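A short write-up of the structure that comes next.
Since the model is a prediction, treat every value here as computed from it, not as a measurement. Whatever order the structure lists ligands and atoms in, that order sets their numbers, starting from 1.
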Amino acid sequence: MMRCFDSHAHYNDKKFDQLPGGAEALLTKLFSENVSGIVNVGTNPDTNRQVLSQAERYQQMFAAVGIHPEDCHYLGDDPQPYLEEIASLIETDRQGAQKIVAIGEIGLDYHYEWYGTIPMDKEKQKDFLRRQLELARRLRLPVIIHDREAHGDIWEIVRQYPEVKGVFHSFSGSRELAKDLVRIGWYVSFSGSVTFTNAEKVRLAAAAVPKDRLLIETDCPYLAPHPFRGQLNHSGLLSYTCETLAQVHGTTLREMAELTAENAKEFFALQGRI
Ligand SMILES: [Zn+2]
């Protein structure tokens, strides 16, 4: 049976509570059917702990921990205490279950001007991003990048960390940016948004990424692929995203599922674990 690897999901999200049996029943079903692995991604000190403890309950689930550019607005100005907390989570995990496979999601998000009464702060976002890239370099972990309307600034920053390997998740940039990322050894991950009717630009970018640098993801519970757009997303719908990428690259669905799962294993260093 064809099985997909979901390189980016948020199964700690409260939206899964609406399902009978919640996220737990869903995950048990998915792992017994068509999902070979999932990276569960945190965004702040609370969700980092949640995604990690959830990952510890499933052999095929792993975790990424980091401070999301939106979440940093609600935290203090000095990233140091949050970085120390992340580093200590990783150190403890390395002596135990070894579930943390990346720092993420981190990045820049220029979409909203306000977070409640807090103005969007580009410099604070950049500071958190740089400091987490430094942490990834020190701990030798790959990074998962969130980039929303900040393509140029992120590219300027990540290229200053040539020792760090990363992936742009739910890619929304140009064909040129995708090519630049591939050139510096990075990966590019596509979500359900590559299936949307009006997403021709995203499909053109996907076509520019060589097959050995492609990842697929849900970003669930958000970004359900066409024709489920707007509904609750989950890793069982990955085959729709995978099908679009297969068409873009002129391969079969099965081949695309296999190669993106192999790429995920390589990127997150999971050989022999799934
Ligand atoms: Zn996400």
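- Note on the Zn ion (ligand 1): protein N/O/S atoms under 2.8 Å are H8 NE2, H10 NE2, E105 OE2, D219 OD1.
- For Q54, the side chain to side chain donor-acceptor pair (under 3.5 Å) partners two or more places apart in sequence, or in a different chain, are N40.
- Ring to ring, Y58 and F31 are close: their centroids are under 6.0 angstrom apart.
- Residue pairs meeting the salt bridge (Lys or Arg N to Asp or Glu O under 4.0 Å) criterion with at least one member in residues 70-92, sequence neighbours excluded: R49-E85, D77-K124.
- A side-chain donor-acceptor contact under 3.5 Å links Q132 to the backbone of F128.
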Worked check of side chain to side chain contact (heavy atoms under 4.5 Å, CB included) between T260 and L215 = CA-CA 5 Å; T260 49; L215 296 180; 5.6 Å; no

Return all side-chain donor-acceptor pairs below 3.5 angstrom for residues 235-243, not counting sequence neighbours, or 'none' if the list is empty.
unit_1 : atom_1 : unit_2 : atom_2 : d
S235   : OG     : D6     : OD2    : 2.8
S235   : OG     : Y11    : OH     : 2.6
E243   : OE2    : Q247   : NE2    : 3.2

